[in-house]
2 protein chains.
Amino acid sequence: MTQIRTRLERGRSALGPALALVHTGRAPTRALLTSELGVTRATAGAVAAELEALGFIRVDTRPGGASGAQGRPSHGLDLDPAGPVVLAAQVHSDGFRAALVGLGGRIVATAPGCMTVPADPAHVLGAVVEAGAELLRASGRTCLGAGLAVPSAVAEPEGTALNPLHVAWPAGSPVRQVFAEQIARAGITGPGGAPMASFLGNDVNVAALAEHRHGAGRGAGQLLVVATGHRGVGGALVLGGRLHTGSSGLALEVGHLTVNPAGRPCHCGSRGCLDVEVDPLAFLEAAGRPPGPAVSLLEQARDLLRDEYEDPAVRAAAHTLIDRLGLGLAGLVNVLNPDRILLGGLHRHLLDADPERLRAVVADRSLWGRSGSVPLLACALDHNSLVGAAELAWQPVLDDPLTALGG
Amino acid sequence: MTQIRTRLERGRSALGPALALVHTGRAPTRALLTSELGVTRATAGAVAAELEALGFIRVDTRPGGASGAQGRPSHGLDLDPAGPVVLAAQVHSDGFRAALVGLGGRIVATAPGCMTVPADPAHVLGAVVEAGAELLRASGRTCLGAGLAVPSAVAEPEGTALNPLHVAWPAGSPVRQVFAEQIARAGITGPGGAPMASFLGNDVNVAALAEHRHGAGRGAGQLLVVATGHRGVGGALVLGGRLHTGSSGLALEVGHLTVNPAGRPCHCGSRGCLDVEVDPLAFLEAAGRPPGPAVSLLEQARDLLRDEYEDPAVRAAAHTLIDRLGLGLAGLVNVLNPDRILLGGLHRHLLDADPERLRAVVADRSLWGRSGSVPLLACALDHNSLVGAAELAWQPVLDDPLTALGG
DNA sequence: CTGACTTTGTGCCGACGCTAAACAAAATAG
DNA sequence: CTATTTTGTTTAGCGTCGGCACAAAGTCAG
């Protein structure tokens, strides 16, 4: 069932959908573009030609192909290696990372940075944007937007970070506004000198977007992602290729599902929340291994799961956390009924440790065996939050390439 | 952010959106149709004329209006009282109800029936369809589709009822198929003699759809509905005007959220589920009033709340259930972040009994005060499941009026 | 190597759905 | 009665896409 449209949207040509198909790798040839788009070959040809003229793609028209299939080989559609990029950045507890990301989720250039500056949004984002501006200057490529991923719930439409505790920012900081200001200050402008379009997203949310378009979530119609980084649990839902962030950006706050009624108290006022029961610290404590200061909690947990899984205490701790994670996932399955679930951070390592156990718990505790048998996979992208931040910036381009170029 | 369209859909004209606007009462005049549609007056005029020619609406072009506003008064757009209808039906534990429903959610004719026939889908639906066919013959109006609401989870795309226990049908009955067969058997066909399009939905799901389009959910972007009938709790989510049923129809199975960790055991294997903690029977038991056989449990609970709320035991029971309902709603708010919540059945009576308490619990137990302050309202439609079943059948017409008429 | 076959790219024309602009109509305000 | 506001109508034109015919580039069979 299609939505009751209240307003006819602009950009109704096939240009945007076509670019999205190439972007997500679903249209590597012009023939596939034709079929996926559901238009005639003539239209697909015109669209491909226009995308090439706009500088997004290159149509490989060389006759050299020995494809093996019958019939005339189709022209290849490649993303233009000199095409436009977006500025993407990620802020986390250890520092930040700025990058230029092209279409297809391709990281063109990247620059890490540490958090030596005062823990204040304006200073941190000033450094982030400075690093990005330097990358942009060095590359000489056109920039069409900017996206930032933060480890915090993001309230829409204001673009404020409600709990950026891992980066020690004040709750409610107007992060998107600060980001945009720093970009303007650095002299980065969009096509035609317009202010650069700036976007902000929660790191797990945008990671889900990246996984859906370029990673383990490709082709999923309703993708649920649950992940944990250092502390706390984040969730995300991608519906029909779009991030579902709820009416004010606060959906999928899954950290406070109850997974252990008699468990440890949580700052939310309840007990046994996913947030405090299934994160790296909880695992290390359950395994009787006090966390050391050397590496991050996540790395310690990962190494323990990988290297000492034969240790009965480690295994018992893993089983306990797997059972609780499964309980939380089952609750989400009952409410959301996704057709695929991706796990990140510690959760993916728990999945790797004993996939059958986790799948069994989810199936057992969800109402219908059918929806309980939803595939559970690990996240597949290396820098999914970074690429996801770029996806935020790419979105208007995919929706309407002409307008995004300043047409 | 708009979806990455993989395929250009048919029916891209403004005809469908325009009909939807009149259907939902958002375009009572041609001028409003113009602005809501976002097209020029010329286009809106052509669209309105075509909808009138198709028999859906009537354009009231009489100059008699003294509207009070400046400028030329706009032509009124009324639904054609002789326009097409759909066949809608609802099956519940006490019997069934068949009806003809016009655009705008207007019940044109209705016929109740009791469950004297054997509790078998084919027999019951045979009687339902027979009643509907009789209404159709008597009305002489064109029928464009058929929708059925059942008190059961419905698996998509098969259209099977997974737990139709209240009507004593076998789990997994192919209800949509049986419904369609009975319609064909009764000789009801669509325009041009094509088989009548038949739809099946869970009763709470379709009720949510009806409330969104014609009731207390109008204008909500992300509407959550939670309701209980006789036993058990159902949920529904309407996103962007569309029912969100998950990847296989099983989303919003909210009955097994834990709201009382030490509570009574549930058939799902857990304890203290919403399903068994906040339904009419649980309320009557908590109030120390053993259920009598005279009227339904829901009516007994409603009367108790209305007439004896001063009784300390009743009030204490209500508070207990309100607190547990609020806990469940808060969990849903954290995951879904809707911008409005509607309550039905016992839940609406609990809301009526003490709105402040319920709102406070939801706000307190949801993570962000902001999303916790989501408006809580009671369902407003008299026969929302019946009208919602009709909405299922109207949907293809709203999406593409021309094709639905057999163009 | 040659010809049949399959599949894809291209050019041309028309249909459709909309916008833009100018004008006419129907009300209110003074 | 006239000016103003708002809406309906007519006409011309544009942009996007489908349909069709034809050309192009490969495989397959002999």
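The sequence lines fix the lettering, A, B, ..., with proteins before strands; numbering per chain opens at 1. Hydrogens, waters and symmetry mates play no part in the numbers below; they use all other heavy atoms, side chains included.
Counting heavy atoms from C-beta outward, A/L239 and B/H244 have side chains that approach closer than 4.5 Å. Looking at heavy atoms from C-beta onward, A/R340 lies in side-chain contact with A/L377 at the 4.5 angstrom threshold. Under the 4.5 Å side-chain criterion, counting only non-hydrogen atoms from C-beta, A/V22 is not in contact with A/L103.
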Expected rows: protein N/O vs nucleotides 6-8 of chain D N/O, under 3.5 Å:
from, atom 1, to, atom 2, distance (Å)
D/dT6, O2, B/R72, N, 2.9
D/dT7, O4', B/R72, O, 3.3
D/dT7, O3', B/S74, OG, 3.4
D/dT7, O2, B/R72, NH1, 3.2
D/dG8, OP1, B/S74, OG, 2.7
D/dG8, OP1, B/H75, N, 3.1
D/dG8, O4', B/R72, NH1, 3.2
D/dG8, O4', B/R72, NH2, 3.3
D/dG8, N7, B/R41, NE, 2.9
D/dG8, O6, B/R41, NH2, 2.8

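Applying the side chain to side chain contact (heavy atoms under 4.5 Å, CB included) test to A/T189 and every residue at least two apart in sequence or in another chain returns nothing. Applying the ring-ring contact (aromatic ring centres under 6.0 Å, His included) criterion to A/H214, with sequence neighbours excluded, gives A/H23. Annotation: side chain to side chain donor-acceptor pair (under 3.5 Å) contacts of A/Q177 (sequence neighbours excluded): A/E181.
Closest to the A/T40 side chain, of the nucleotides C/dA20, C/dG11, D/dG18, is D/dG18.
The two residues B/V108 and B/G102 come nearest to each other via the heavy atoms CG2-N, 3.8 Å.
What separates CD of A/E52 from P of C/dT10 is a distance of 10 Å, to the nearest Å.
Near DNA chain D, meaning a heavy atom under 4.0 Å away, there are no residues from residues 43-51 of chain B.
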Table please: side-chain donor-acceptor pairs of residues 71-80 of chain A below 3.5 Å, with sequence neighbours left out.
from, atom 1, to, atom 2, distance (Å)
A/S74, OG, A/R30, N, 3.3
A/S74, OG, A/A31, N, 2.8
A/H75, NE2, A/T61, OG1, 3.4
A/D80, OD1, A/A82, N, 2.8

